[in-house]
Each structure stands twice: as structure tokens, then as C-alpha cells.
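What follows is a set of notes on a single structure, which appears directly below.
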Protein chains: 2
Amino acid sequence: MSARQPSKPRARRPAAQARPYHHGDLRRVLIDAALQLAAEGAEVSVREAARRAAVSPGAPFRHFPNRDALMAAAAEEAQRRFRVEIEAALSEAPPAGPLARFRAFGLAYLRWAMRNPAHFEIISTGRYFAHGSSAELTRDNAELIALTEGILAEAAEQGLLRSADLKRIQIAGRALVYGFARMNLDGHFPRWGVEEGAIERMAEGVLDLFIAGIAKP
Amino acid sequence: MSARQPSKPRARRPAAQARPYHHGDLRRVLIDAALQLAAEGAEVSVREAARRAAVSPGAPFRHFPNRDALMAAAAEEAQRRFRVEIEAALSEAPPAGPLARFRAFGLAYLRWAMRNPAHFEIISTGRYFAHGSSAELTRDNAELIALTEGILAEAAEQGLLRSADLKRIQIAGRALVYGFARMNLDGHFPRWGVEEGAIERMAEGVLDLFIAGIAKP
DNA sequence: CCGAAATGTAATCGATGATTACATAACGGA
DNA sequence: TCCGTTATGTAATCATCGATTACATTTCGG
């Protein structure tokens, strides 16, 4: 069984063949498989992704030079979905001032992070592929950061903040939101009651506390 | 070469043998090797740890049932060092009120996390061994959390806090400190200038901002 | 219509976690 | 002191994984 009959002159494109030799869009399917594996909490291996795409173990390397590249591509896709959701939430929210916008941003951020923990992990950790492996990811991330920091800068310009040290407030805001997301991700919330949604309500509370802490009385 | 000469009656204990057949304290050496590998940013593999201990690839499995157990033991050791340093910092600090103690705690925490990033990662992430793999680690961690939350509870009892929602403040405090540590760990601080110590000073600033935000005016 | 480029397959390699059978040292009771 | 039980390390082996190479098949443009 070293090869299927080498000289079988079958009709080209045999109409409804089980699976054509060429896959169609293997690259995309591999990325989706990688994201799905991550979401299931499983190890993401190139072979397993290939297995899910019903393709040989070497096939993925036609589309990605190595495992890192596959992970980076998966991270880019996850990041894209992340951004879409956050920007949607921001555009839906009424422009009720910078601090309200910061709250809306933080809430959308945390909600997505808590509902897609494995994807958030891939995006934020930079431990799944070589650093700087994806310029797109780096750029997207920078834009998200600029977005938050811009919101807080706006608040400062409008004289809404108590402290004059804007940089410090920006870092603290990012650390608070990121830290909350990571605490959830890293299992620091002990199954907070059976009640689902308790964590999201706590996220709101923490955001409100932060805003009350930095806002001018 | 199926076996070495089976019946070589060599002298018992050949005086000043290069390395005795038994290692002495292989378990400890393996844990140290694992921590050192992590600190070097390398993958921690059982084989590499064995290699550093100059021992066969199967030897570690006499001391740890599997890789997870080795990682868990390494995490316990790292956590022990972490606690020692934090408790030292707290006992050295004058008991100048709960908020000052919170500051001292947060600073010691962040300093250690920033100077031992790989070890902090192993401790905090729970992604390097099966969850609940180490009861000691879980207990130690719970005690550290209780320590911080106790400090803030004390502040609340003494009427030092602006908000009455203690739980919210405790979570926010933990999220802020943890988030700052993780941001550093996950490469969210773009090599903040050449100047070393800039991050630690920013850590102080963020802690002060938080305390100012929750303290009664 | 045909040849070059793209894409998938098969075979193979080195490293790793893990298990098993075996060898050797250490320890403790008779 | 001797001997056997136990602890500990070695050697050999396996399955899985990332990666590379040679080869097969399909697709597409001139």
C-alpha cells in the first residue's frame, strides 16, 4: 500500500469525491482547529490540528513554517475577534464622557476575557510563540492600549481626574483590568459560588471602585 | 550490548569513586535544576533536569511519578522562597497602620515577582501541572491571600476606607498587584527605558495611587 | 495543452514523557 | 557481622511530537 494506483486515469474532478486531494482552505481550517483545541483546554499540537483537518501530519507545514507560526496565526484570529467585540461595545455605548467609556471598555474587555479564557491566554501571554512572531498582533495590541490610554487622557484633559500623574493612572487602569482577567484565567477565583455571572458583577464593581478612586470628587 | 558484564566482583565502595551510584539528594537537585531551567527561560524537561544532575533519564521518575509532580515540587519550593521574602519585608516594616502595611506587602510582592519572573509564573499560573496537584501550594497561596485581605479588613475596621464594600476593595487590590506583576511577566512593559528600577518605581506609584483611591480623604 | 507552481503524502529523524526489567547500594534485624 | 529487604539508579523500549525531505497530485496561467 505504498501508494494508490499510480496510473489510474480517472476523470478529472470526479464529481462529489469523498475528499479532494487539495483541501480547499487548509490554512483556515488549521487555525480554527488550533483555536478549538485551545478552547477545549487541550494541548495545541500541529499533529492534532492536522488530524482534525483529516490531513497528513506534514501538511500543515506547507502553510506554516513551524508550530509557532500556527500559534501566532491563531492568536491573530483570536485578537481580531477580541477587537471586534470591544469596538462594537464601545460604538454601541452612548458617548457619555470618558469615564463612562472607560467603564464600557473595561467591561467588554473583561467579559470577552472571561468567556474566552483560552483565547485570551494565547493573545496576552506571548508564551505560545516567539516574541514578535506576529507584527499584526503587536500592532493590534498597541492600538488597543492606545485606545484605553486615550480615553483616560481625555478624562484628564477634561479635568475629571484627581491626580495629575496621567501615566500612573493609565498603568494602574491597565493593571487592574488585566489583573482581573488573569485572576479569573489562572484560577484565582474559587468557583465563586454556583451562581454564574457573579464574576461579571464583581468585575463591574471593581471597575466602579477604580473610577471612583481616580475621579475628582 | 544487552547488559554490562553481569558478574564483575569489584571492590565494594571503591574509595573516592567519581560519583557514587546513589546520588545523595537527587530529589532536591532535580528541583533546583528545574527552577534553574525555568529561570533561564528554557523549557523545563525531565530529561534536561536529569542531565544536569548527571543521572540517567529514568532516574527522576524514582522521585516523581511524572513531570507534573516535578513541576509541582519546584513550584512549592519557589512559593516557599516567595513567602519567606514577603514575610521578612512585612516583619521589618514598622507597623505604621494597615495601609502602610498594604503598601509594604505590595512592594515586596512586586519586587520578588519582577526579579524572579519565571518562578512567579510557575507559582501563579497553575498551567505547569495539574490543578490541585499540590495541596501545600494551594494552602500557602490561600494564606498569602488571607494576609492581604486581612490587612485591608483591618483598614476597614479602623475606618480608614472610603467605600464600605470591603470585598470589592480586596479583589481590586489583588487584581491591581497581580495584574502589574503579570504585565511585567507577559512583556506588556516595553523595556521601559534603559533605566533599571523604572518599573519598580512605577510599581510604587501605582500602589500609592490605589491607596489614595480607597483611603478616606 | 502543457509545464511550473502549489499543495498534500510518506518516510524518517531527534527529543521527550513514560514504563519495564534489571543492577547496585543502603539499611536494619537476627 | 551477615543477609535480605528496600531504596535508588541504569538500560532498553515505546508512543507522541515537531520538523525535514523526497515524492505524488492537482491547479493554473501562458
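Protein chains get the first letters and strands the later ones, always in sequence-line order, with residue 1 at the start of each.
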Would you mind reading off the distance between B:R62 atom CZ and D:dT6 atom C1', rounded to a whole angstrom?
11 Å
Judged by atom type as modelled, is there a donor-acceptor pair below 3.5 Å linking the side chain of A:R67 to the main-chain atoms of A:V44?
yes
Among residues at least two apart in sequence or on other chains, which ones pass side chain to side chain contact (heavy atoms under 4.5 Å, CB included) with A:P117?
A:L185
Once ring-ring contact (aromatic ring centres under 6.0 Å, His included) is applied, what residue pairs with a partner in residues 40-84 of chain B remain, sequence neighbours excluded?
B:F82-B:Y109, B:F82-B:W112
Contacts of B:D25 that satisfy side chain to side chain donor-acceptor pair (under 3.5 Å) - sequence neighbours left out
none
For B:H119, the ring pair (Phe, Tyr, Trp, His ring centres under 6.0 Å) test, sequence neighbours excluded, returns none
Rounded to the nearest Å, what distance is computed from the CZ atom of residue B:F64 to the P atom of nucleotide D:dG9?
11 Å
A:M71 has an atom CE; how far is it from atom P of D:dC17, in whole Å?
15 Å
Between the protein and nucleotides 17-19 of chain C, which nitrogen or oxygen pairs come in under 3.5 angstrom?
unit_1 : atom_1 : unit_2 : atom_2 : d
C:dG17 : OP1    : B:V46  : N      : 3.0
C:dG17 : OP2    : B:V46  : N      : 3.1
C:dG17 : OP2    : B:R47  : N      : 3.1
C:dG17 : N7     : B:R47  : NH1    : 2.9
C:dG17 : O6     : B:R47  : NH1    : 3.4
C:dA18 : OP2    : B:R67  : N      : 2.6

Once you round it to whole Å, what is the distance between P of D:dG18 and CD of A:E43?
9 Å
Whole angstrom is fine here: how far is it from CG in B:L30 over to P in D:dT8?
12 Å
Can a side chain N or O of A:H63 be found less than 4.0 Å away from OP1 or OP2 on C:dG8?
yes
Which part of the nucleic acid, if any, lies within reach of B:R51 when heavy atoms closer than 4.0 Å are counted: base, sugar-phosphate only, or nothing?
sugar-phosphate
Is there any salt bridge (charged side-chain N to carboxylate O under 4.0 Å, His left out) pair reaching into residues 102-113 of chain B, and which pairs are they, with sequence neighbours excluded?
B:R103-B:E204, B:R103-B:D208, B:R111-B:E200
